[in-house]
Amino acid sequence: IERADIDYRIELENRASPFSVLGIHGGKIEYGTSVITRAIAGAEFNYYLFEGLKEKGNFTDLHISSHLFDEPMALAMAAGSRACVTIHGFKERQHNWVGMGGKNEKLRDLIFAQLLATQLLEQDEANPSGKFPGLDPQNIVNRCQEGGVQIEISYRLRKLLCLYPQHLQRFAKAVQDALHEYA
């Protein structure tokens with residue numbers, strides 16, 4: 001049995017925003033996703049993090065698929081949000097890619113256009129790997145009132161964002177700008 005604040009930690013901030021940023025594979029589960037989630041949330045948007053803290057085995061023991069993720073505080077934040085953005089990582093090491101998924105197509109298109117404008121991405125289609133469509137209605141990102149956007153970020157791009165604060169800020173501002181445009 002996994003223990004709170006020993007094996008994993010939950011961190012959340014409800015800022016009464018209509019938008020929430022969720023990182024359900026944070027800490028040592030998927031490298032960099034906590035940093036990126038916090039950066040996008042900034043001081044304005046709600047955020048939720050589920051972070052692995054173990055010395056080893058975080059991915060194996062704590063990676064819960066998005067459509068099975070049912071931690072009550074995360075579900076409550078999603079249900080109380082007009083739209084959500086979830087931050088995930090995937091193993092791609094050759095390209096600075098994102099894979100855009102989720103049921104909110106309008107917000108997804110706005111975020112992808114803003115991210116393309118940062119010139120941090122090496123792609124011209126929203127989901128070049130073809131994986132992670134994020135369309136399951138039980139996916140935590142689709143439990144928001146208007147659905148949400150799942151952003152899968154390649155390992156290579158997460159590493160770039162974590163090593164260079166100026167790139168992280170450009171990436172985060174792009175998502176923030178898309179949320180403002182959507183509002």
Side-chain angles (χ1 to χ4, degrees), residues 1-93 97-104 127 129 131-163 168 171-172 175:
I1 291 191
E2 309 298 343
R3 301 157 297 168
D5 298 318
I6 295 171
D7 300 315
Y8 69 90
R9 168 179 55 226
I10 293 171
E11 179 183 321
L12 66 105
E13 192 73 42
N14 190 333
R15 299 184 168 123
S17 169
F19 303 115
S20 294
V21 187
L22 306 149
I24 65 168
H25 302 141
K28 297 178 183 177
I29 303 172
E30 290 177 346
Y31 169 77
T33 58
S34 290
V35 171
I36 297 165
T37 298
R38 282 190 200 96
I40 294 168
E44 179 179 2
F45 302 115
N46 311 319
Y47 76 91
Y48 171 95
L49 287 170
F50 182 89
E51 298 182 302
L53 303 175
K54 300 168 80 159
E55 285 302 311
K56 60 183 181 183
N58 286 281
F59 188 88
T60 308
D61 298 342
L62 298 172
H63 184 280
I64 301 165
S65 295
S66 299
H67 69 285
L68 299 174
F69 196 85
D70 62 357
E71 195 285 312
M73 291 183 285
L75 291 177
M77 183 171 278
S81 299
R82 184 173 157 212
C84 296
V85 174
T86 57
I87 303 302
H88 300 270
F90 70 108
K91 293 178 182 172
E92 171 62 48
R93 292 176 180 268
W97 278 357
V98 295
M100 305 295 295
K103 285 195 172 260
N104 190 319
N127 196 354
S129 76
K131 301 176 183 172
F132 322 114
L135 297 175
D136 189 314
Q138 294 302 308
N139 184 325
I140 186 80
V141 80
N142 296 320
R143 300 230 185 166
C144 301
Q145 295 155 19
E146 296 175 14
V149 178
Q150 177 172 293
I151 307 176
E152 294 277 351
I153 306 171
S154 69
Y155 177 81
R156 184 171 180 214
L157 181 54
R158 283 179 283 140
K159 192 167 182 181
L160 178 79
L161 297 177
C162 289
L163 288 174
L168 176 62
F171 189 95
V175 179

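Using a 4.5 Å heavy-atom threshold, the side chains of Asn58 and Tyr8 count as separate. Taking the side chain as every heavy atom from C-beta outward, Val85 and Phe45 never approach each other to under 4.5 Å. The shortest distance between side-chain heavy atoms of Ile151 and Ile36 does not fall below 4.5 Å. Looking only at side-chain heavy atoms (C-beta outward), Thr37 and Tyr48 stay at 4.5 Å or farther from each other. Residues Val35 and Leu161 form no side-chain contact, since every pair of their non-hydrogen atoms from C-beta on lies 4.5 Å or further apart. Residues Val98 and Glu152 fail the side-chain proximity criterion, which asks for heavy atoms closer than 4.5 Å. For the pair Asn127/Ser129, a side-chain contact is recorded, criterion being any heavy-atom separation below 4.5 Å from C-beta on.
Ring-plane geometry between Phe90 and Phe132 is classed as tilted, the angle between the planes lying from 30 to 60 degrees on a 0 to 90 degree scale.
Ser65 is linked by a side chain to side chain contact (heavy atoms under 4.5 Å, CB included) to His67, Leu68, counting only residues two or more places apart in sequence or in another chain. Taking Glu51 as the reference, Arg9, Arg38 meet the salt bridge (Lys or Arg N to Asp or Glu O under 4.0 Å) condition, with sequence neighbours excluded. For Arg82, the salt bridge (Lys or Arg N to Asp or Glu O under 4.0 Å) criterion is met by Glu146, not counting sequence neighbours. A search for side chain to side chain donor-acceptor pair (under 3.5 Å) contacts involving Arg143 returns Gln138, not counting sequence neighbours. Scanning for side chain to side chain contact (heavy atoms under 4.5 Å, CB included) contacts around Arg156 gives Asn96, Glu122, Ser154, with sequence neighbours left out. Residues meeting the side chain to side chain contact (heavy atoms under 4.5 Å, CB included) test with Asn139, sequence neighbours left out: Ser66, Asp136, Val141, Asn142, Gln150. The side chain to side chain donor-acceptor pair (under 3.5 Å) search around Lys54 returns Glu2, Asp61, not counting sequence neighbours. Residues passing the salt bridge (Lys or Arg N to Asp or Glu O under 4.0 Å) test with Arg15, sequence neighbours excluded: none. Residues that satisfy the side chain to side chain contact (heavy atoms under 4.5 Å, CB included) test with Arg93, not counting sequence neighbours, are Tyr155. For His25, the ring pair (Phe, Tyr, Trp, His ring centres under 6.0 Å) partners are His63, His88, not counting sequence neighbours.
With values rounded to the nearest 0.5 angstrom, Tyr47 atom OH is found 12.0 Å from Leu22 atom CG. The structure places CG of Leu168 at 13.5 Å from CZ of Arg158, a figure rounded to the nearest 0.5 Å. Note: Phe59 CZ to Ile29 CD1 = 9.0 Å, rounded to the nearest 0.5 Å. We find the CD1-CD1 distance between Ile64 and Ile24 to be 7.5 Å, quoted to the nearest 0.5 Å. Once rounded to the nearest 0.5 Å, the distance linking OG1 of Thr33 with CG of Leu49 reads 7.5 Å.
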Using residues 74-81 as the side-chain source, report each donor-acceptor pair under 3.5 Å to any protein atom, sequence neighbours left out, with the distance given to one decimal.
{"from": "Ser81", "atom 1": "OG", "to": "Ser20", "atom 2": "OG", "distance (Å)": "2.6"}
{"from": "Ser81", "atom 1": "OG", "to": "Met77", "atom 2": "O", "distance (Å)": "2.6"}

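Closest heavy-atom contact between Leu157 and Trp97: CD2-O, 3.8 Å. Of all the heavy atoms in Ser34 and Gly27, the pair that sits closest is OG-N, 2.8 Å. Heavy-atom minimum distance, Ile6 versus Leu53: O-CB, 3.6 Å.
Judged purely by atom type and a 3.5 angstrom limit, Asn104 has no side-chain atom pairing as donor or acceptor with the backbone of Val149. A donor-acceptor distance shorter than 3.5 angstrom exists from the side chain of Asn46 to the backbone of Ala16, with no hydrogens or angles considered.
Within the structure, no pair that satisfies the salt bridge (Lys or Arg N to Asp or Glu O under 4.0 Å) test touches residues 64-79, not counting sequence neighbours.
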